[in-house]
Amino acid sequence: MEGLYQTQRIKDLKDKMLSEPRYASIEQALIITKTYQENEDDPKIIQRAKSLKAALEKMEIRVEPEELIVGNRTAGVRYGVVFPESGSTWVDKEFETLPTRPQDRFNVHQEDIETFRKVIKPYWEGKSLEDVLNQRYGKEINKIAKVVKINQKDHAQGHICPDCVKWLKMGPQGLLDQAEEKLKICKEEQKDFYESVKIVMEGAKHFMVRYHDLIMNMAENESDETRKQTMIKVAKNCKNISERPVQTFHEAVQSTWFLFVILQMESNASSFSPGRLDRHLEAYYEKDIKEGNLDKQQALEIIECLWLKFNEIVYMRNSHGAKYFAGFPIGFNIAIGGQDENGNDTYNDLSFLFLEAQKHLGLPQPNLSVRLHEGTSDELLKEAVRVVAKGSGMPQFFNDKAVIPSIQELGIEEKDARDYAIVGCVELTTQGNNLGWSDSAMFNLNKALEVALTGGICLLTGEKIAPDYGNLETYETFEELEAAFKKQIDYFMDKMLLACEEVEKAHIDLLPSPFLSASIENCMENGMDVTAGGAKYNLSGIQMIQVANLADSLVAIKQLVYDEKKCTQKEMLDALKNNFEGYEEIQKMCLDVPKYGNDDDEVNELTADL
């Protein structure tokens, strides 16, 4: 891969993207609101389909003349989208502060604030996912909020890897044809689903053709003949993939990007991920290389244009979310390397070209991951290490030997486990057949330990937030403390599961997703939306937060209080209650005990047990 370089086109597009101001956008929110108002008697899934189709047909679109890959969910890049179906109450509270908040700021137009409050907010009050969940189960969710953060309450469920291979082979026209055929033979209760798929695929086709028409109009006024011909080619790609399956590498990359733009427009969620893109695109790349229609430098430039597009979509969180997820992370995760269904190494030219793109651009998206196994080539491993050493934090590494059997334990078939991908940050998934809900909730283990130590009292507020199973002064042995801690975990786990079930029910009722469903295995076969259980696999994932801090805390208590008795139970509890003010000697002893992550057997065994 020697001799590859970043072109001036890529440098110019990157500069344009990063220099453009960010704004909050209500354009799609207005379209969605009007569509719902005009179709209030329709089933929810039809309302959703019609609102997406309307957005695809009416949203303002824009193209930079240098672009080789086009498409976005707003005309401006990195705009924050107001999405009323999932939540607008927080927007109403925070609209004026978006430009000045500490993290992830967005400029706002004053007229947009006024329109939002006059047109959008009144219609969606009590109807959005956020409001409905608050009505149905808000008190219960708030009661456990200091220990468990329930997610997906004000946005649709992302963290999904669609079937990119099916999309490339069928395209919107093929999926439209499939829906029409299913409508002829389906059961009555399946008709709304297939009709909704038909509606959104019509919208997807129209969306692509709009880009064709815009670029052709731009090309007419282009004086540079070379650029003009390139623009015409990009335009034709858009038209072609609206009508038939992709045939070239350039078309495949463009089609892949349209898939993810439209998924974002349907759901405004985070972490829709392409998965093993080096494998998805390999056949198109090899064909074009063999026929002399593409070389590695041209392929790299197309890939780097795609990488830039992944950075043009950001997710606008509320201020609380932005505080903990600053930097606009949206989690387009691409996995390279790994093995096939027979255990053979799968790295190819594209694996290296993806690494080269990351090395050149150093941008936060996509989240690039490398799958490692015993047969991984030294060439790929060394190149991946060289790229991560550049300082962007990517690629990240995943061990097939550990991951594949762990996925199979969940009931995943071996062939699907071998083909695993990553969504979002580091969450594992199968490809194109799974509603994984890998971000259902975040469980704060240290807070559960805190209430075990205090008898259910929150040290920050002084309020009782958990049952009283004893406190540090009453546990005569460390084993008694462990038992009480595990009881607190069980208590909050039970509450968390009930809350997660309510969230899932609300998503079924309010946010069916026909476009996503068409790209998830078994949904089209079953005539069932993905939110209602149409996928081959339906799982949930909970993020256990602060494992390392938990281990360090438990080791400190065990060693200092129970084993070496360097301080009493009361002294340690008083130190915690006072945030170690006046107890600096105890704090220093806590800092000096062995820590997690240092290959200490006692720490590791204690952590593994919990």
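No hydrogens, no waters, no symmetry mates; every other heavy atom, side chains included, goes into these values.
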Exercise for review: Return yes when atom NZ of Lys127 has more than 12 non-hydrogen atoms of other residues, nucleotides or ligands closer than 6.0 Å, and no otherwise.
Suggested key: yes
Check your understanding: Is the number of heavy atoms from other residues, nucleotides or ligands within 6.0 Å of CD (Glu96) greater than 12?
Key -> yes
Check your understanding: Tell me, which pairs form a salt bridge (Lys or Arg N to Asp or Glu O under 4.0 Å) where one or both residues lie in residues 309-332, sequence neighbours left out?
Key -> Glu67-Lys309, Lys309-Glu312
Point to revise | Residue pairs, two or more places apart or on separate chains, that pass side-chain hydrogen bond (donor to acceptor under 3.5 Å, both in side chains) and touch residues 394-405 | key: Gln339-Asp400, Ser369-Gln396, Arg371-Asp400, Glu374-Lys401, Asp400-Tyr420
Check your understanding: Does anything in residues 457-468 pair up under side-chain hydrogen bond (donor to acceptor under 3.5 Å, both in side chains), and if so which pairs, sequence neighbours excluded?
Key -> Lys146-Glu463, Thr461-Glu463
Check your understanding: Please, which pairs that meet ring pair (Phe, Tyr, Trp, His ring centres under 6.0 Å) have at least one residue in residues 591-610, sequence neighbours excluded?
Key -> none
Study note, to complete from the structure: ring pair (Phe, Tyr, Trp, His ring centres under 6.0 Å) pairs touching residues 487-507, sequence neighbours excluded, are Trp437-His507
When you measure from the side chain of [X] to the backbone N and O of [Y], does any donor-acceptor pair fall under 3.5 Å?
X	Y	result
Thr477	Glu480	yes
Glu130	Thr89	yes
Ser273	Gly331	yes
Arg78	Arg22	no
Gln264	Ile313	no
Thr74	Asn72	no
Ser88	Val91	no
Asn538	Leu435	no
Asn471	Leu453	no
Gln569	Tyr475	yes

Practice item. For Thr33 and Ala29, work out which heavy atoms get closest and say how close. Key: OG1-O, 2.7 Å
Anything under 3.5 Å between a donor and an acceptor, one on a side chain of residues 135-142, the other on a protein residue two or more places apart or in another chain? List them.
residue: Arg136; atom: NH1; partner: Asp509; partner atom: OD2; Å: 3.2
residue: Arg136; atom: NH2; partner: Asp509; partner atom: OD2; Å: 3.0
residue: Asn142; atom: ND2; partner: Gly138; partner atom: O; Å: 3.2

Point to revise | Electrostatic pair Lys595-Asp552, nearest N-O below 4.0 angstrom | key: no
Point to revise | Electrostatic pair Glu125:Lys121 at N-O distance under 4.0 angstrom | key: yes
Enter the distance from [X]:[atom1] to [Y]:[atom2] here, rounded to the nearest 0.5 Å.
X	Y	atom1	atom2	answer
Leu98	Ile113	CG	CD1	8.0 Å
Asp600	Thr607	CG	OG1	9.5 Å
Ser519	Ile262	OG	CD1	10.5 Å
Leu368	Leu361	CG	CG	11.5 Å
Ile422	Thr429	CD1	OG1	9.5 Å
Ile557	Leu481	CD1	CG	6.0 Å

Check your understanding: Which of these, Gln103, Arg101, Glu94, sits in a side chain to side chain donor-acceptor pair (under 3.5 Å) with Ser319?
Key -> Glu94
Indicate yes or no: at least one non-hydrogen side-chain atom of [X] is less than 4.5 angstrom from one of [Y].
X	Y	result
Gln559	Pro594	yes
Lys149	Asn151	yes
Thr430	Cys161	no
Pro395	Ile336	no
Leu498	Glu501	yes
Arg73	Ser25	no
Tyr583	Asp574	yes
Leu363	Met17	yes

I'd like to check the ring pair (Phe, Tyr, Trp, His ring centres under 6.0 Å) partners of [X]; sequence neighbours left out, ordered by chain and number.
X	result
Phe515	Trp167
His155	Tyr315
Tyr537	none
Phe116	Phe95

Practice item. Walk me through it: do Cys458 and Val451 pass the test side chain to side chain contact (heavy atoms under 4.5 Å, CB included)? Key: CA-CA 6 Å; Cys458 172; Val451 294; 5.6 Å; no
Practice item. Let me see the working for Ser553 and Gln546 under side chain to side chain contact (heavy atoms under 4.5 Å, CB included), right down to the final yes or no. Key: CA-CA 10 Å; Ser553 300; Gln546 300 207 45; over 6 Å; no
Check your understanding: Stepwise, does the side chain to side chain contact (heavy atoms under 4.5 Å, CB included) test hold for Ser270 with Phe325?
Key -> CA-CA 12 Å; Ser270 61; Phe325 296 95; over 6 Å; no
Atom pairs and distances, donor-acceptor, side-chain atoms in residues 443-450, under 3.5 Å, two or more places apart:
residue: Asn444; atom: OD1; partner: Asn446; partner atom: N; Å: 3.1
residue: Asn444; atom: OD1; partner: Lys447; partner atom: N; Å: 3.1
residue: Asn446; atom: OD1; partner: Leu550; partner atom: N; Å: 3.1
residue: Lys447; atom: NZ; partner: Glu450; partner atom: OE1; Å: 3.3
residue: Lys447; atom: NZ; partner: Glu450; partner atom: OE2; Å: 2.9
residue: Glu450; atom: OE2; partner: Leu459; partner atom: N; Å: 2.7

Study note, to complete from the structure: Those residues at least two apart in sequence (or on a different chain) that pass side-chain hydrogen bond (donor to acceptor under 3.5 Å, both in side chains) with Lys566 are Glu564
Practice item. Examine the side chains of Ser271 and Glu427 and answer whether a donor and an acceptor come within less than 3.5 Å of each other. Key: no
Exercise for review: Quick one: sort the Trp307 and Phe354 rings into parallel, tilted or perpendicular, breaks at 30° and 60°.
Suggested key: tilted
Practice item. Could you label the plane-to-plane angle of the His109 and Tyr23 rings as parallel, tilted or perpendicular, counting under 30° as parallel and over 60° as perpendicular? Key: parallel
Exercise for review: Determine, step by step, whether Cys590 and Leu560 satisfy the side chain to side chain contact (heavy atoms under 4.5 Å, CB included) criterion, reporting the C-alpha distance in whole Å, the side-chain angles of both residues, the deciding distance to 0.1 Å, and the verdict.
Suggested key: CA-CA 8 Å; Cys590 289; Leu560 300 177; 3.8 Å; yes
